[in-house]
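Counting starts at 1 for both ligands and their atoms, following the listed order.
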Amino acid sequence: MIKFFDFKREYSGLKEEINIKIDEVLSKGNFINGNELQDFESKFSKYIGTKNGLGVNSGSDALFMAIKALDINRDEEVITVSHTFISTVDAITRNNAIPVFVDIDPDTYCIDVSKIESKITDNTRAIIVVHLYGHPADMDPILKIAKKHNLFVIEDCSQAHGAKYKGKTVGSLGDISCFSFYPVKNLGAYGDGGFIALNDDFLFEKLEMMHNYGQSMKNQYEFVGLNSRLDEIQAAILNVKLEYLDIWNNERKKLANSYNKLLDNSIYKIPCTKEYADHVFHLYVIRTSKRDEIRDYLLKKDIQTMVHYPIPIHKQNAYKNFASSDNIPITEEICSQIVSLPINPWLKSFEVEEICEILNNMENING
Ligand SMILES: *Cc1c(COP(=O)(O)O)cnc(C)c1O
């Protein structure tokens with residue numbers, strides 16, 4: 001069985017280190033806002049390259065709070081993509097703002113920069129950029145457009161921990177950056193977790209209060225906030241795992257290279273890496289018109305695949321009354337063609353060879 005993600009393999013290599021850390025936290029009896037969190041906040045923001053960093057409960061919360069902190073209000077518009085995980089867009093609608101969808105680039109699957117400006121109105125306040133699958137979006141032109149139209153840029157880095165754009169780590173380029181530590185991410189906790197990285201001190205102070213009930217000091221609440229924290233146990237686990245992030249990303253890149261080399265690109269559209277990108281391959285996504293057949297066949301051979309994502313957000317029931325699907329043909333076209341093949345640092349190269357062998361011979365098998 002080749003699993004899409006194999007937590008047993010991951011944990012077996014980390015068991016000792018992690019168990020010691022968890023035991024330390026439990027023995028100290030300090031479960032919220034302790035040293036592990038402080039340590040992690042300073043290490044991870046340093047890794048990203050921002051002055052400030054804040055551990056929160058999830059990537060979804062990070063995105064929600066980013067928009068709230070920027071005072072984006074009812075009926076104001078936020079530009080993003082429909083080809084993403086639901087949280088990117090929920091963060092906008094949960095703030096009563098309006099998501100406006102821009103189509104994606106057919107090679108990188110990230111926002112198509114050339115299509116942003118036509119969607120900007122007097123109500124537009126921000127752009128949420130998603131570095132999808134681990135490939136950075138084309139940030140320079142995005143930042144230029146944002147500057148010209150006085151818009152904030154929020155980076156959704158939930159799939160791109162450690163990815164680089166022109167040598168700069170993603171999450172250090174926009175106004176506020178959001179990360180998820182959901183277990184399968186390139187940097188994952190053993191539970192929920194998220195992070196907000198930013199340079200601005202004023203916004204940071206606001207976010208610090210916001211994620212802690214809006215509290216400025218004990219028993220004083222400046223505005224309505226929420227409880228969204230990264231607990232000590234998860235922070236301790238992340239402190240262990242952060243040391244391995246670059247090594248793991250390199251493993252992902254190596255496996256992606258093998259896929260690229262072995263897969264028959266006359267049958268499959270393989271992922272592209274732009275010259276400006278250091279792609280960290282959170283996912284390895286290929287395109288084929290026979291997507292469903294391929295998934296069924298691989299599953300018969302005990303190989304798990306997934307689809308990220310089969311239904312774009314604007315086609316979801318939750319967004320029926322919200323979002324227009326104006327002019328996003330690539331988003332609509334690719335969702336029936338994409339398939340994510342297994343890729344994670346614990347996958348073996350012989351397993352990649354096996355998968356490619358099967359995929360390259362699919363046509364013969366189907367007769
Ligand atoms: C995982 C993910 C999120 C949400 O993160 P959670 O921690 O699960 O809330 C947001 N955006 C993208 C692009 C993601 O992949």
[X] and [Y]: side-chain donor and acceptor closer than 3.5 Å?
{"X": "T121", "Y": "N123", "answer": "no"}
{"X": "Y182", "Y": "S158", "answer": "no"}
{"X": "D6", "Y": "Y11", "answer": "no"}
{"X": "D103", "Y": "T331", "answer": "yes"}

Could you tell me whether some N/O pair between [X] and ligand 1 is separated by less than 3.5 angstrom?
{"X": "G59", "value": "yes"}
{"X": "S180", "value": "yes"}
{"X": "T84", "value": "no"}

Original post:
Considering only heavy atoms from C-beta outward, does the side chain of Q234 approach that of Y190 to under 4.5 Å?
Top reply: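 Yes - at least one pair of side-chain heavy atoms lies under 4.5 Å apart.
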
Original post:
Are any non-hydrogen side-chain atoms of L255 and Y284 less than 4.5 angstrom apart?
Top reply: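 No; the side chains remain at least 4.5 Å from each other.
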
**OP:** Can you pull out the closest protein heavy atom to atom 10 (C) of ligand 1? Residue, atom name and distance to 0.1 Å, please.
**Re:**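 Residue, atom and distance for the closest contact: S158 OG, 3.5 Å.
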
**OP:** Could you find the nearest protein heavy atom to atom 13 (C) of ligand 1 and give me its residue, atom name and distance?
**Re:**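 Going atom by atom, the protein heavy atom closest to atom 13 (C) of ligand 1 ends up being D156 OD2, 3.4 Å.
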
Which of the atoms in ligand 1, numbered in the order shown and given with their element, are less than 4.0 Å from a heavy-atom of [X]?
{"X": "S60", "result": "4 (C), 5 (O), 6 (P), 9 (O)"}
{"X": "T88", "result": "11 (N)"}
{"X": "S87", "result": "4 (C), 10 (C)"}

Original post:
Salt-bridged, R125 to D71, with N to O below 4.0 Å?
Top reply: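 Not counted as a salt bridge, because no side-chain N and carboxylate O are separated by less than 4.0 Å.
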
Subject >> K301/E354 ion pair, N-O < 4.0 Å >> reply: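 No, K301 and E354 are not salt-bridged.
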
Original post:
Taking heavy atoms and a distance under 4.0 Å, where does S58 meet ligand 1: side chain, backbone, both or neither?
Top reply: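 It is both parts that get close, each with some atom under 4.0 Å.
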
Original post:
Below 4.0 Å from any atom of ligand 1, is there a heavy atom belonging to K185?
Top reply: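 K185 counts as a contact of ligand 1 under the 4.0 Å cut-off.
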
**OP:** Answer with yes or no whether D192 contacts ligand 1, where contact means a heavy atom under 4.0 Å from a ligand atom.
**Re:**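 In this structure, D192 fails to qualify as a contact of ligand 1 - no heavy atom is under 4.0 Å.
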
